[in-house]
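Right, one structure below, let's go through it.
Every heavy atom of this structure was used, including side-chain atoms; hydrogens, water molecules and symmetry mates were not. The sequence lines fix the lettering, A, B, ..., with proteins before strands; numbering per chain opens at 1.
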2 protein chains.
Amino acid sequence: MSKPKQVSAAAPAKHDVFQAIADPTRRGLLQLLVDEELPVNVISGHFPMTRTAVSKHLRILADAGLVRERKVGRETRYKLNADPLRELKSWLAFYERYWENKLDVLKRLVESDGSEQAEAAPASLKLLDSES
Amino acid sequence: MSKPKQVSAAAPAKHDVFQAIADPTRRGLLQLLVDEELPVNVISGHFPMTRTAVSKHLRILADAGLVRERKVGRETRYKLNADPLRELKSWLAFYERYWENKLDVLKRLVESDGSEQAEAAPASLKLLDSES
DNA sequence: TTGACATGAAACCATTTGGTTTCATATAAT
DNA sequence: ATTATATGAAACCAAATGGTTTCATGTCAA
């Protein structure tokens, strides 16, 4: 009886987000549903495959929490739920410092010889806030 | 006339980065190689599978450009190359507004003065708690 | 030179994946 | 009440995936 009603957060994530976004069709689905809630019928019209196939992709996305479904009459409408992408973001964040090579250059500069003048740094320093 | 034909030449990406990071073992590999260049032998010691299996994962990562290999004597050493993750980052960036803007949802709600329909308010407010 | 070590390639296998077609069910429309 | 629509579930299938074992090759050490 007690239907937990799927509140917020804590998505069970039977399919993890990494796997969910691995498929290009699925990424296309996310993009399509980014600001519109659409029924399966309409959604599948955008992809070169069966409605059933699209439906299965939607299920995988739903399992990963990336999409929310809502029954309206005889149709099921889906819309994006970007929340689980936060996990991706935090995973990515860890690696960001490893592609900002300029940052490493600066770091080496600062760490390896602190005795020298720090005046050479300004140009490099700008790179530190690279991202908005 | 001379077709630009993939100017960058840096990212052949036979395997795309989305698929490459979909596998947990592969993500583990990236983490392991984050600041150390290691030979296959040592790398495989960290995973519960055959050296050959690890080697194949490394190949997939290499194909996606996420790892660089270098032959040293009779061993092949691998190290992280985070650069291709930029693609992921930019893909993600597009979706960021769809989770950051939950604040905006509230803002819109408050600003519209709720004169039309206030029933949605409590549900929306709940979404705010999902903060990392 | 001979033998041990490090590795990738190949052949093989079980499971998962992405897709299809067919069928059942619930809701809308006539 | 009957028919049409929207959808998911099931059964099925080919290809990809993740793994294994075996083998060949190149390099280091004795």
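- Contact check of residues 36-48 of chain B against DNA chain D (heavy atom, cut-off under 4.0 Å) returns no residues at all.
- Nearest-nucleotide mapping onto DNA chain D: of B:Gly73 and A:Arg59, the residue sitting toward the 5' end is A:Arg59.
- Contact check, A:Ser55 against D:dG8: a side-chain N or O comes under 4.0 Å of OP1 or OP2.
- At a threshold of 4.5 Å between side-chain heavy atoms, the hydrophobic network of Ile, Leu, Val, Met, Phe, Trp and Tyr places B:Leu92 and B:Ile21 in one connected group.
- Regarding A:Leu58, its CG atom lies at a distance of 16 Å from the P atom of D:dA6, rounded to whole Å.
- Residue B:Tyr78 places no side-chain N or O under 4.0 Å from the OP1 or OP2 atom of C:dT7.
- Checked by distance alone, B:Lys56 brings no side-chain donor or acceptor within 3.5 Å of a matching partner on the base of D:dG18.
- In this structure, CG of A:Asp63 is placed 12 Å from P of D:dG8, rounded to the nearest angstrom.
- Regarding contacts with the backbone of D:dT20, every side-chain N or O of B:Thr52 stays at 4.0 angstrom or more from both OP1 and OP2.
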May I have the list of side-chain donor-acceptor pairs in residues 30-41 of chain A shorter than 3.5 Å, sequence neighbours left out?
{"residue": "A:Glu37", "atom": "OE1", "partner": "A:Arg70", "partner atom": "NH1", "Å": "2.5"}
{"residue": "A:Glu37", "atom": "OE2", "partner": "A:Arg70", "partner atom": "NH1", "Å": "2.6"}

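- Applying the side chain to side chain contact (heavy atoms under 4.5 Å, CB included) criterion to A:Thr50, with sequence neighbours excluded, gives A:Thr52, A:Ala53.
- A 4.5 Å side-chain heavy-atom check between B:Phe18 and A:Phe18 finds every atom pair outside the cut-off.
- For the pair B:Arg51 CZ and D:dT20 P, the interatomic distance rounds to 11 Å; values are reported in whole Å.
- Between C:dG18, D:dG8, C:dT21, one nucleotide has an atom nearer to the side chain of A:His57 than all others, and that is C:dG18.
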- Do B:Tyr95 and A:Asp83 pass the side-chain contact (heavy atoms from CB on, under 4.5 Å) test, and can you show the C-alpha distance, the side-chain angles, and the key distance before you say yes or no? CA-CA 9 Å; B:Tyr95 292 98; A:Asp83 234 64; over 6 Å; no
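- The side chain of B:Thr76 lies closest to C:dG8, out of D:dT7, C:dG8, D:dG19.
- Between B:Glu75 and B:Arg77 a salt bridge is recorded (basic side-chain N to carboxylate O distance below 4.0 Å).
- As judged by a 4.0 angstrom heavy-atom cut-off over every strand, A:Thr50 is placed among the base-contacting residues.
- As judged by a 4.0 angstrom heavy-atom cut-off over every strand, A:Arg26 is placed among residues touching the sugar-phosphate backbone only.
- If you take CZ of A:Arg70 and C1' of D:dT7, they are 16 Å apart, rounded to a whole angstrom.
- Regarding B:Glu69, its CD atom lies at a distance of 11 Å from the P atom of C:dT7, rounded to whole Å.
- The side chain of B:Gln19 lies closest to D:dT17, out of C:dA6, C:dT20, D:dT17.
- The one candidate from B:Thr76, B:Leu29, B:Asp63 that meets the side-chain contact (heavy atoms from CB on, under 4.5 Å) condition with B:Leu58 is B:Leu29.
- Put simply, CZ on A:Arg77 is 20 Å from P on C:dA26, counting in whole angstrom units.
- Rounded to an integer number of Å, the gap from CZ of B:Arg74 to P of D:dT27 is 11 Å.
- Of the candidates C:dT20, C:dA6, C:dG8, C:dA6 carries the atom nearest the B:Glu75 side chain, counting heavy atoms from C-beta on.
- With rounding to whole Å, B:Asp23 atom CG is found 11 Å from D:dT17 atom P.
- Atom CZ of B:Arg68 sits in a sparse spot, with 12 or fewer heavy atoms from other residues, nucleotides or ligands closer than 6.0 Å.
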